[in-house]
Undergrad: 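Can you keep this structure in mind? I'll have questions shortly.
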There are 2 protein chains.
Amino acid sequence: MHFSKTSEYAIRVLSYLSVHNESLHSVNTLHKELDFPYKYLTKLMTGLTKKGLVISNRGREGGFSLARDSKDIYLNDILNAVEDSGVNEDERCILGFDKCDSTNPCMLHDKWIKPKTLIDDMLLNTTLAELARSNKKI
Amino acid sequence: MHFSKTSEYAIRVLSYLSVHNESLHSVNTLHKELDFPYKYLTKLMTGLTKKGLVISNRGREGGFSLARDSKDIYLNDILNAVEDSGVNEDERCILGFDKCDSTNPCMLHDKWIKPKTLIDDMLLNTTLAELARSNKKI
DNA sequence: AAATAATACTACGATAAAGTACTAATTATC
DNA sequence: GATAATTAGTACTTTATCGTAGTATTATTT
Ligand code: SF4
Ligand code: SF4
């Protein structure tokens, strides 16, 4: 009942880019600042580039920056970018039933619907800009 | 952001036992009814027996039944029984930080605290009896 | 006592997620 | 142009989760 490591990395690294938005940041820098595995982070950043969340600048003095304004990047965008299962995070069910017919819900549904609504609300309405504004630990 | 397969199996099989509490149910029956992998279910049930959630009756005409009244079995008990990481499900954080100092919270904390509270509430206060009462699909 | 139907146990295999190694391509600086 | 610092890409290894196989043990029925 938690995000995958990859999702955690993605959220945190994009938060970092959002807070330090004045310049480019190399994978090496991000690796040192956030203490994520260097090579894994490289792969992750390549993926985020392909998904259009960050812009990469190759070569010496290169690095990464956010592809669009942090006000326009939602947590939901990030989660959907890193997971390639094709299932949207906000459509996912707690029990992961293959077919979930809402007209024939399972026993947990009534109990799950309230937390689920709040989670979806968080994912769909929280932007990187908001997170950055909190001035908390990344 | 969902339960593990094992957790799903555990919740659903115990729900089944809760609804059909009048008799014993063999692994074979449960396998057919719920369509979980037979051998995996055997292992799971052995584990649930050791954790004291169900009682096993060996031999012909044997099977499993709940170890205590379904009013006294909470979702949280089930999750903690099947995960052997030692981390209590209700103490777990969304980002899975190794050390989370609540006096020095991360950026997501304020956004996460409300959904988290509802999830904990669901896990800590929902009993199998309640689920069974809903008369919904298992 | 034998046959049967059930759980209990241990070890192994398959799959997916996480992490590592190595090399190629790109670009600023010298 | 050479060099150094960076991203990009591919393939591999490791780890955890999920699932399977085979056998031993137990209890009921006949
Ligand atoms: S009924 Fe609700 S809780 Fe159950 S599987 Fe479907 S969406 Fe999930
Ligand atoms: S501060 Fe809150 S959200 Fe962040 S890691 Fe700790 S418990 Fe989780």
Side-chain angles (χ1 to χ4, degrees), chain A residues 1-13 17 23-67 79 81-87 89 95-96 98, chain B residues 1-13 17 23-67 79 82-87 95-96 98:
Chain A
M1 199 56 179
H2 53 88
F3 291 137
S4 66
K5 275 285 178 201
T6 304
S7 294
E8 175 195 337
Y9 293 164
I11 291 174
R12 291 182 61 196
V13 78
L17 291 181
S23 61
L24 298 180
H25 301 277
S26 71
V27 173
N28 196 29
T29 305
L30 297 169
H31 155 65
K32 284 178 191 160
E33 287 290 327
L34 299 169
D35 200 34
F36 300 158
Y38 176 78
K39 288 291 187 180
Y40 199 68
L41 187 52
T42 300
K43 195 158 56 171
L44 175 64
M45 295 310 290
T46 302
L48 291 178
T49 302
K50 281 185 181 166
K51 292 287 185 172
L53 284 178
V54 299
I55 291 175
S56 75
N57 298 85
R58 284 192 168 197
R60 192 180 165 131
E61 300 295 307
F64 293 90
S65 60
L66 292 182
L79 296 183
V82 295
E83 79 168 81
D84 39 25
S85 68
V87 181
E89 183 60 33
L95 286 183
D98 289 342
Chain B
M1 201 54 178
H2 52 88
F3 290 138
S4 67
K5 274 285 178 200
T6 304
S7 294
E8 174 195 337
Y9 293 164
I11 291 173
R12 291 181 61 197
V13 78
L17 292 181
S23 61
L24 298 180
H25 301 276
S26 71
V27 173
N28 196 30
T29 305
L30 297 169
H31 155 66
K32 285 179 190 159
E33 288 291 325
L34 299 170
D35 200 32
F36 300 158
Y38 176 78
K39 286 292 191 178
Y40 199 68
L41 187 52
T42 299
K43 194 157 57 170
L44 175 64
M45 295 310 290
T46 302
L48 291 178
T49 303
K50 279 184 183 169
K51 294 286 185 174
L53 286 177
V54 299
I55 291 174
S56 77
N57 298 85
R58 286 190 168 198
R60 187 177 172 139
E61 300 294 306
F64 293 90
S65 60
L66 293 182
L79 296 183
V82 294
E83 79 170 79
D84 39 24
S85 68
V87 181
L95 286 183
D98 287 344

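Note on naming: letters A, B, ... go to the chains in the order of the sequence lines (proteins, then strands), and numbering restarts at 1 for each one.
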Undergrad: Which of residues 32-45 of chain A sit near DNA chain D, with a heavy atom under 4.0 Å from it?
TA: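 Hits under 4.0 Å, by residue number: Tyr38(A), Thr42(A), Lys43(A).
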Undergrad: Below 4.0 angstrom from OP1 or OP2 of dA8(C), is there any side-chain N or O of Ser56(B)?
TA: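 Yes, Ser56(B) has a side-chain N/O under 4.0 Å of OP1/OP2 on dA8(C).
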Undergrad: Grab the two heavy atoms, one from Met45(B) and one from Leu30(B), that are nearest each other, plus how far apart they are.
TA: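 For Met45(B) versus Leu30(B), the nearest heavy atoms are CE-CD1, 4.2 Å.
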Undergrad: Any side-chain N or O of Ser26(B) less than 4.0 Å from the OP1 or OP2 oxygen of dA5(C)?
TA: no
Undergrad: Taking all non-hydrogen atoms of both residues into account, name the closest pair between His25(A) and Leu17(A) and its distance.
TA: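 Minimum heavy-atom separation between His25(A) and Leu17(A): CD2-CD2, 3.6 Å.
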Undergrad: How many whole angstroms separate atom CG of Leu30(B) from atom C1' of dT7(C)?
TA: 12 Å
Undergrad: Nearest 0.5 angstrom please: Leu79(A) CG to Thr6(A) OG1, how far?
TA: 11.0 Å
Undergrad: Is it true that Tyr9(B) and Ser4(B) share a donor-acceptor pair across their side chains at a distance under 3.5 Å?
TA: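 No pair is found: no donor N or O on one side chain lies under 3.5 Å from an acceptor on the other.
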Undergrad: Shortest non-hydrogen contact from Ala10(B) to Leu44(B)?
TA: N-CD2, 3.8 Å
Undergrad: What pair of heavy atoms forms the shortest contact from Arg12(B) to Phe36(B), and how long is it?
TA: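 Reported closest heavy-atom pair: NH1-CE2, 3.6 Å.
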Undergrad: Nearest whole Å is fine: how far is dC18(D) C1' from Phe3(B) CZ?
TA: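 Rounding to the nearest Å, CZ of Phe3(B) and C1' of dC18(D) are 18 Å apart.
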Undergrad: Return the 5'-most residue of the pair Tyr9(B), Glu61(A) with respect to DNA chain D, ranking by each residue's nearest nucleotide.
TA: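 Whichever sits nearer the 5' end wins; that is Glu61(A).
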Undergrad: Angle between the end axes of the helix from dA1(C)-dT30(D) to dC30(C)-dG1(D), five pairs per end, to the nearest 10 degrees?
TA: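 The end axes of the helix from dA1(C)-dT30(D) to dC30(C)-dG1(D) are about 10° apart, to the nearest 10°.
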Undergrad: With sequence neighbours excluded, what pairs up with Thr46(A) under the side chain to side chain donor-acceptor pair (under 3.5 Å) test?
TA: none
Undergrad: Taking atom P of dT7(C) as reference, at what distance in whole Å does atom CD1 of Ile55(B) sit?
TA: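 To the nearest whole Å, that distance equals 14 Å.
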Undergrad: Please identify each residue that fulfils side chain to side chain donor-acceptor pair (under 3.5 Å) with Tyr38(A), with sequence neighbours left out.
TA: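 Side chain to side chain donor-acceptor pair (under 3.5 Å) check on Tyr38(A) returns nothing, list empty.
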Undergrad: How many Å lie between CG on Asn28(B) and P on dA5(C), as a whole number?
TA: 11 Å
Undergrad: Show each protein N/O and nucleotides 24-27 of chain D N/O combination with a separation under 3.5 Å, one pair to a line.
TA:
residue, atom, partner, partner atom, Å
dT25(D), O2, Arg58(B), NH1, 3.3
dT26(D), O4', Arg58(B), NH1, 2.9
dT26(D), O2, Gly59(B), N, 3.3

Undergrad: Please name the pair of heavy atoms, one in Thr42(B) and one in Val27(B), separated by the smallest distance, quoted to 0.1 Å.
TA: OG1-CG1, 3.5 Å
Undergrad: Looking at Thr46(B), does any N or O in its side chain come under 4.0 Å of the phosphate oxygens OP1/OP2 on dA8(C)?
TA: yes
Undergrad: Who pairs with Thr29(B) by side chain to side chain donor-acceptor pair (under 3.5 Å), at least two apart in sequence or on another chain?
TA: Ser26(B)
Undergrad: Taking only side-chain nitrogens and oxygens of Lys5(A), does any of them come within less than 4.0 Å of OP1 or OP2 of dT15(D)?
TA: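 Negative; the distance criterion is not met.
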Undergrad: For Gly62(A) and Leu24(A), work out which heavy atoms get closest and say how close.
TA: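 That closest heavy-atom pairing would be C-CD1, 4.1 Å.
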Undergrad: Expressed in angstrom and rounded to an integer, what is the separation of His31(B) atom NE2 from dA6(C) atom C1'?
TA: 15 Å
